[in-house]
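Working notes, beginning with the structure itself.
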Amino acid sequence: MTPVMVVDDDPRILLTVRTILEAEGFGVVTARSGRECLEALADGFAGLVLMDIMMPALDGWDTVRECQKGGYLPRIMIVMLTARDVPDPKMEGLQELVFDYITKPFLPDELVSRVRKYVDYL
Amino acid sequence: MVIGSSTGGPLVLEQVVGGLPRLRAAIVIVQHIPGHFVPRLRDNLQQGSAMEVRVATDGDRLLHGRVYLAPSGLHLRLGPEEVLELVDGDKVNYVRPSIDVAMCSIRAGAFARVAGVVLTGMGRDGARGLAHVRSIGGRAIVQDPSTCAIGSMPETAIAENAVDQVLTPDGIRAWLERTFG
């Protein structure tokens, strides 16, 4: 099954998402920062990336830009995890790189249903 | 008709356009998406549909019963003689293909009926295009922002008074089938 990487500085979110998806048979990798995400990509990760936006140092948008610079986009799908859906000027120019948004908090069934649809594209 | 969509759009497009009966309309879709996902989106929209769904190529003639999906990296325009044009050029609203470019290329009187639909997405692409569609007598519809993954594209169009109707994805599909079925 297509692997999933969860990128979030909140360990509770990492644990929650990992537990939900692993129970459904997904292989889950976690990253506590944008930098850790990029390291996993440099190590060859390919699959779905669920990316938090609000992270210290390298935030989600900066990490998306780094994914583009690193040439990782052809082997991943990026879905942003966000606690808010208000427009953010930092989004501009990234519309074509990000597949979808999931707003936190989310219901486990909804998360699983959406992840199944996303991995159908990979 | 032209449907424009951005972040969160593929799953909504599957809901709105996937598995449609054959309609008396040509549907052009501009979706902001990494290019490597376009073939899968085409396949998913084709599944169970009586419409022929294809990735648009330069020179395609618009025919009823077909869905034309814009490829990544080029602007799509509706040229003379109901022929699609794929053109290079600067990004518009930070994107290429741009919904505004596609909708604003529709010439007044070129088609019996015209409609523009803007679905979920971030940014403001599509607002100018919908205003153009209205100015030439077409119908301008947006997805209800409360049903969007991110609603700034339809919200911008609503704020700029460029919209005739605000509908849910199921409502847009029902409108399509009722109007062109």
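Numbered from 1 within each chain, the chains take letters A, B, ... in sequence-line order.
- Hydrophobic cluster membership is shared by B:V67 and B:M1, with clusters built from Ile, Leu, Val, Met, Phe, Trp and Tyr side chains linked at under 4.5 angstrom.
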Intermediate values then yes/no, side-chain contact (heavy atoms from CB on, under 4.5 Å), B:L11 and A:Y118: CA-CA 9 Å; B:L11 302 188; A:Y118 300 142; 3.7 Å; yes
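- No side-chain heavy atom of A:F99 sits less than 4.5 Å from a side-chain heavy atom of B:T7.
- Under a 3.5 Å cut-off, the side chain of A:E96 and the backbone N or O of B:R96 do form a donor-acceptor pair.
- Neither the backbone nor the side chain of A:M80 comes within contact range of chain B, judged by heavy atoms closer than 4.5 Å.
- Counted within 6.0 Å of CZ on A:R32, heavy atoms from surrounding residues, nucleotides or ligands total 12 or fewer; the atom is thus considered open.
- Heavy-atom pairs under 4.5 Å with chain A peak, among B:S72, B:G121, B:P34, at B:P34.
- In the hydrophobic clustering of this structure, B:L62 groups with B:V133; members are Ile, Leu, Val, Met, Phe, Trp, Tyr whose side-chain heavy atoms approach within less than 4.5 Å, directly or through other members.
- For A:L122, the part lying near chain B is the side chain, with the backbone staying farther off; criterion is any non-hydrogen pair under 4.5 Å.
- Expressed to the nearest 0.5 Å, how far CD1 of B:I150 lies from OG1 of A:T82 amounts to 7.5 Å.
- Contacts with chain B were tallied for A:V79, A:L97, A:D120; A:D120 has the most, counting heavy-atom pairs under 4.5 Å.
- Residue B:Q31: no heavy atom, backbone or side chain, is found under 4.5 Å from chain A.
- In the displayed structure, B:Q47 atom CD is contacted under 6.0 Å by at most 12 heavy atoms of other residues, nucleotides or ligands.
- The 12-atom threshold is not exceeded at CD of B:E81, counting heavy atoms of other residues, nucleotides or ligands nearer than 6.0 Å.
- To the nearest 0.5 Å, atom CD of residue A:Q95 and atom CG of residue B:N93 are 8.0 Å apart.
- Inter-residue side-chain proximity for B:Y94 and A:L94 is flagged as unmet; no heavy-atom pair is nearer than 4.5 Å.
- The number of heavy-atom neighbours closer than 6.0 Å to CG of B:D90, taken from other residues, nucleotides and ligands shown, is 12 or below.
- When the shell of 6.0 Å around NZ of A:K117 is examined, it contains 12 or fewer heavy atoms from other residues, nucleotides or ligands.
- For B:D43, no part lies near chain A; criterion is any non-hydrogen pair under 4.5 Å.
- Residues B:L86 and B:V2 share a single hydrophobic cluster, defined by chaining ILVMFWY side chains whose heavy atoms lie under 4.5 Å apart.
- In terms of hydrophobic clustering, with Ile, Leu, Val, Met, Phe, Trp and Tyr side chains grouped at heavy-atom distances under 4.5 Å, A:V4 and A:M77 are assigned to a common cluster.
- Remark: side-chain polar atoms of B:H36 are paired, donor with acceptor, to backbone N or O of A:L73 under 3.5 angstrom.
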